[in-house]
Each structure stands twice: as structure tokens, then as C-alpha cells.
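Since the model is a prediction, treat every value here as computed from it, not as a measurement. Just so we're on the same page: letters track the sequence lines, and every chain starts at 1.
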Amino acid sequence: MDHFYTAVEEREHPEYKGKPVIVGADPKEGKGRGVVSTSNYEARKVGVKSGMPISRAWKLCPEAIYLPPNFPLYIGVSNEIMDIARKYAEKFEQWGIDEAFLDVTSKVKDYVEAEALAKQIKGEISEKEQLTCSIGIGPNKLTAKIASDFQKPDGLTIVKVGEVERFLEPLPVRKLLWVGRKTEAKLKTLGINTIGDLARYDPSVLTETFGVMGTQMHLMARGIDRSEVEPRTEVKSISHETTFEEDTADADTVLRALEALSETVSKEALDQRLLFKTVTVKVRYENFETHTRSKTLPFMTNRTQDLKKTAKELLQAYLRHDRKIRLIGVRVSSFVKGEKQKTLA
DNA sequence: TCTGGGGTCCTAGGACCC
DNA sequence: TCTGGGGTCCTAGGACCC
């Protein structure tokens with residue numbers, strides 16, 4: 001989907017159209033902490049992008065409409081869109097809240113038919129949801145994903161089997177799936193900037209430097225990706241975290257927040273009929289140093305009291321009067337589908 | 001510029017079991 | 001006397017995705 005959160009907000013509030021809109025943390029006149037989740041194209045024009053500190057967005061565009069994220073709304077719209085798209089695919093894989101892979105191998109006989117299908121999907125989403133999306137078509141997931149990002153918004157990019165390498169060659173390595181900021185920087189030190197540079201590089205050196213990931217990257221750079229479109233399996237963890245308005249070393253403040261997070265998390269586990277065994281607490285100090293500590297219980301549970309008690313124990317080591325805490329988080333994992341859920345609750 | 005929140009997957013070391 | 005080999009599970013950290 002194109003600038004999904006802000007697009008949904010514009011749809012719900014037509015008066016926002018044509019103005020810069022930013023969904024993210026409260027900017028607080030430039031003093032807010034947190035980041036931009038999504039900015040619309042008017043805000044992008046002046047340089048406001050996803051992931052940017054909200055304080056910087058304020059400097060670039062104080063006149064923008066700033067909105068807190070309305071996740072229940074976005075999830076609802078996302079579900080409707082996924083239901084539309086799913087119908088067209090033989091195999092379907094949701095990717096985050098606003099992207100999906102569709103394997104349509106058995107649905108179309110060539111790229112002409114694939115293009116027609118893509119237009120049909122765009123048409124149905126536009127008609128039913130008044131939202132635009134950008135679609136990429138390719139012989140594998142990697143190519144389709146990069147193609148989908150090639151022309152935005154409202155784009156449609158087709159890369160046929162024989163065209164993959166030529167299409168990828170000039171693009172920066174960062175466009176490859178799994179090449180993030182750190183890997184990009186490492187590759188740069190090897191003199192690798194474009195996907196073409198990577199494709200021509202000695203694969204044995206890549207494997208030496210990056211392990212399995214290096215082998216994988218060299219294949220991707222040559223347009224080779226044999227991964228399947230596969231439906232997301234069950235959820236593997238549930239977590240909530242919060243950044244304090246102000247960093248604090250006050251044990252009471254931190255414990256109260258930890259309890260609130262524990263309650264939200266255990267309620268969610270209960271709603272999803274999941275019993276958990278592992279509890280993880282996350283702490284970020286004011287200097288951004290981040291730690292996690294986890295404990296696997298000798299029993300399955302979904303009780304708030306078990307979670308609170310374990311989380312508190314795990315937090316103790318991090319509560320130091322001389323170290324201010326910026327963020328805390330609580331996560332549960334190691335699930336089994338619960339039969340005994342009701343008894344425990 | 002000063003860094004959210006929800007996730008997944010991988011790695012490496014260590015405990016423990018047979 | 002001092003140490004195999006195969007396996008699973010747990011913990012902590014880190015990279016990446018949207």
C-alpha cells in the first residue's frame with residue numbers, strides 16, 4: 001500500500017488531502033521523542049521520512065498535520081485489503097501490515113496476463129477501499145518486492161525472467177531484502193555499492209565475511225531466489241514496550257510501567273488462547289544501551305500474576321539508582337495452543 | 001537529527017541428557 | 001585419568017522487516 005497510515009487517515013478525513021500529514025509520536029512543539037511512522041507525499045517533498053525522529057520532522061515541517069497512530073483502524077483496513085488480494089492468489093503471504101506476496105503461477109499463463117491481473121487487483125482495492133497500492137511482478141519474491149518499490153505511488157512494474165539481472169544491476173545493495181544499514185556499511189568497505197558490484201564479487205570472500213548470509217546475498221544479487229510464498233504461521237511471541245516521557249531511575253515508576261505492560265501482554269495471550277513459558281524483559285538506558293533478560297518457567301501459563309512476578313525478578317538486575325532508564329518492555333514466547341487455558345485463567 | 005513499537009530469524013556459548 | 005559424539009533447550013545479543 002502507498003504511504004498506508006497517512007493514506008487511511010486522508011480517506012477518513014478528506015480535509016487533510018493536499019496537506020502534509022505525519023503519523024507518529026507527538027511532536028510536542030519539537031520536543032517530542034519517538035519517530036515518524038508514515039508521512040504522506042506532501043511531507044516527503046520537504047524531507048520527512050519514516051523512522052526519522054519526530055523532532056526533526058517538526059523542524060522540517062511544523063505546519064504538517066501530526067496524528068498519533070490509530071492501529072485498530074489500520075488493522076481493520078489491512079484485513080479487508082488482504083482479503084481482497086488473497087482471492088487472486090494460489091499462495092498468499094502477508095508481509096507486515098500493508099504488503100503481501102501473491103504466487104499467481106497457476107493463475108496466469110504469461111506476463112501479459114499477470115499485468116492484467118495486477119490491474120484488476122489495483123482496481124478492486126481502489127474501488128472498495130479508495131486507496132492506491134504499488135505492485136511488482138517478477139519470476140520470484142525478491143524481484144517482485146524490489147519491483148513493487150520501483151515506481152510509487154500507484155505503480156506497476158514488471159520484470160520478466162530474462163530482465164532480472166539488468167534490472168537489479170544499477171540499484172543500491174540496500175534495496176535487497178535483508179540488507180539493512182549495518183550490512184550496507186560493511187559492503188561499502190569492500191567497495192560494493194550496487195547490486196551489480198555484489199553480483200560480480202568473489203562469492204567465497206562474501207561467505208567468509210558474512211557466513212550463510214554472504215552466500216545468500218550473492219545469489220540474490222544475481223536475481224536468484226528460490227524461496228516459496230508461504231502463509232504466515234502462528235504467532236511466536238507477544239510483546240509490549242514503552243518509552244518514558246522522561247528517562248527515570250525511579251524504581252516505582254519503572255515497576256508500575258512494568259506491571260501495566262504485563263497486564264496488556266497477558267490479556268493478549270489470553271485472548272489468543274495461548275499459554276506461554278518464556279518471559280523476557282527489555283531495558284534501554286538513557287545512553288541507548290539495550291539489554292534483555294529472559295526466564296523460561298518450568299510450566300505453561302497465561303496468568304497475569306505469573307508474568308508480573310517473573311518480569312519483576314528479571315528487572316531487578318537493571319534497577320540501579322545511578323542509571324536512568326529510557327524504555328522497558330515485556331515479551332512472552334514459547335507458546336503452546338492451550339487446552340487448559342480456561343482452568344488456569 | 002537523536003533515535004517507536006510490534007515482530008521474526010540467526011548465532012554462539014553453555015547446561016544437560018543419553 | 002581426564003574426556004566422545006549426538007542431540008535439545010535455554011539465554012543474550014543483534015540484524016532485519018514493516
Side-chain angles (χ1 to χ4, degrees), chain A residues 1-5 22-27 30-38 47-61 68-72 74-75 78 82 93-101 141-142 145-146 148-149 173-187 210-217 220 227 230 232-245 247 261 264-265 268 272 277-298 314 317-318 326-335:
Chain A
M1 300 306 297
D2 300 321
H3 67 104
F4 186 53
Y5 296 172
I22 297 168
V23 169
D26 184 346
K31 293 185 172 58
R33 11 180 46 174
V35 299
V36 172
S37 279
T38 311
V48 178
K49 299 201 193 89
S50 299
M52 172 183 284
I54 201 78
S55 53
R56 186 164 174 219
W58 181 265
K59 281 196 191 111
L60 292 167
C61 197
N70 181 351
F71 289 111
Y74 311 147
I75 289 167
S78 167
M82 295 298 163
E93 178 176 350
Q94 185 169 341
W95 189 260
I97 193 168
D98 70 336
E99 295 186 34
F101 289 104
K141 287 165 75 175
L142 170 79
K145 169 119 171 82
I146 296 175
S148 73
D149 188 53
V173 286
R174 190 66 162 77
K175 292 277 172 187
L176 289 173
L177 201 51
W178 313 128
V179 175
R181 229 184 50 236
K182 301 274 184 178
T183 309
E184 180 189 33
K186 265 200 194 171
L187 287 169
F210 298 93
V212 185
M213 178 71 203
T215 317
Q216 198 54 43
M217 276 195 301
M220 285 197 298
S227 65
E230 44 196 349
R232 297 279 99 188
T233 46
E234 344 64 73
V235 62
K236 297 197 169 60
S237 70
I238 297 174
S239 69
H240 279 280
E241 62 187 56
T242 186
T243 297
F244 293 109
E245 301 244 334
D247 301 338
L261 291 168
T264 323
V265 168
E268 223 166 282
Q272 297 190 39
K277 225 167 64 163
T278 305
V279 176
T280 305
V281 164
K282 174 171 165 182
V283 171
R284 174 170 292 154
Y285 289 115
E286 58 182 334
N287 66 353
F288 231 70
E289 189 184 303
T290 308
H291 298 273
T292 61
R293 225 181 160 85
S294 56
K295 185 178 181 185
T296 301
L297 300 169
L314 290 168
Y318 296 122
R326 177 187 179 91
L327 164 150
I328 59 161
V330 174
R331 178 167 75 238
V332 296
S333 53
S334 312
F335 297 131

Pairing residues for Tyr285(A) by the ring pair (Phe, Tyr, Trp, His ring centres under 6.0 Å) criterion, not counting sequence neighbours: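 For Tyr285(A) there are no ring pair (Phe, Tyr, Trp, His ring centres under 6.0 Å) partners, ignoring immediate neighbours.
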Qualifying residues under ring pair (Phe, Tyr, Trp, His ring centres under 6.0 Å), relative to Phe101(A), sequence neighbours excluded: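 So Phe101(A) forms a ring pair (Phe, Tyr, Trp, His ring centres under 6.0 Å) with Trp95(A).
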Any residue meeting side-chain contact (heavy atoms from CB on, under 4.5 Å) with Thr215(A), in chain and number order, not counting sequence neighbours: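 For Thr215(A), the residues satisfying side-chain contact (heavy atoms from CB on, under 4.5 Å) (neighbours in sequence not counted) are Thr207(A).
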Set of residues satisfying side-chain contact (heavy atoms from CB on, under 4.5 Å) with respect to Lys182(A), sequence neighbours excluded: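 Not a single residue meets the side-chain contact (heavy atoms from CB on, under 4.5 Å) criterion with Lys182(A).
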My understanding is that only residues two or more places apart in sequence, or in another chain, count here; which of them pass salt bridge (charged side-chain N to carboxylate O under 4.0 Å, His left out) with [X]?
X         : answer
Arg326(A) : none
Glu230(A) : none
Asp149(A) : Lys175(A)

Contact pattern, 5' to 3', of nucleotides 8-18 of chain B - B, S or - by protein heavy atom under 4.0 Å: SS-S-------
Sugar-phosphate only, base, or nothing, as touched by Lys186(A) at under 4.0 Å among non-hydrogen atoms: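 Contact class for Lys186(A): none.
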Sugar-phosphate only, base, or nothing, as touched by Lys49(A) at under 4.0 Å among non-hydrogen atoms: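 Since no nucleic acid heavy atom lies under 4.0 Å of Lys49(A), the category is nothing.
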Atom P, compared across dC17(C) and dT3(B): separation rounded to whole Å: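 The same atom, P, in both gives a distance of 22 Å.
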Pairing residues for Asp2(A) by the side-chain hydrogen bond (donor to acceptor under 3.5 Å, both in side chains) criterion, not counting sequence neighbours: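 Only Thr132(A), Ser134(A) meet the side-chain hydrogen bond (donor to acceptor under 3.5 Å, both in side chains) criterion with Asp2(A).
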Arg284(A)/Glu289(A) salt bridge by N-O under 4.0 Å criterion: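 A salt bridge is absent here (no side-chain N lies under 4.0 Å from a carboxylate O).
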Whichever of Gly96(A) and Arg293(A) has its nearest DNA chain C nucleotide further upstream toward 5':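 The residue closer to the strand's 5' end, by nearest nucleotide, is Arg293(A).
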For nucleotides 2-5 of chain B, list the nitrogen or oxygen atoms of the protein found under 3.5 Å from its nitrogen or oxygen atoms, one pair per line.
{"unit_1": "dT3(B)", "atom_1": "OP2", "unit_2": "Arg326(A)", "atom_2": "NH1", "d": "3.4"}
{"unit_1": "dT3(B)", "atom_1": "OP2", "unit_2": "Arg326(A)", "atom_2": "NH2", "d": "2.6"}
{"unit_1": "dG4(B)", "atom_1": "OP1", "unit_2": "Arg326(A)", "atom_2": "NE", "d": "3.4"}
{"unit_1": "dG4(B)", "atom_1": "OP1", "unit_2": "Arg326(A)", "atom_2": "NH2", "d": "3.0"}
{"unit_1": "dG5(B)", "atom_1": "OP1", "unit_2": "Thr243(A)", "atom_2": "N", "d": "3.3"}
{"unit_1": "dG5(B)", "atom_1": "OP2", "unit_2": "Thr243(A)", "atom_2": "N", "d": "3.3"}
{"unit_1": "dG5(B)", "atom_1": "OP2", "unit_2": "Thr243(A)", "atom_2": "OG1", "d": "2.6"}

Identify every side-chain donor-acceptor pair in residues 47-60 of chain A under 3.5 Å, counting partners at least two apart or on other chains, and give the distances.
{"unit_1": "Ser50(A)", "atom_1": "OG", "unit_2": "Ser37(A)", "atom_2": "O", "d": "3.0"}

Contiguous pairing runs of three or more, Watson-Crick or G-U under 3.5 Å, that involve DNA chain C: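 Paired runs of 3+ in DNA chain C: B:5-18 with C:5-18.
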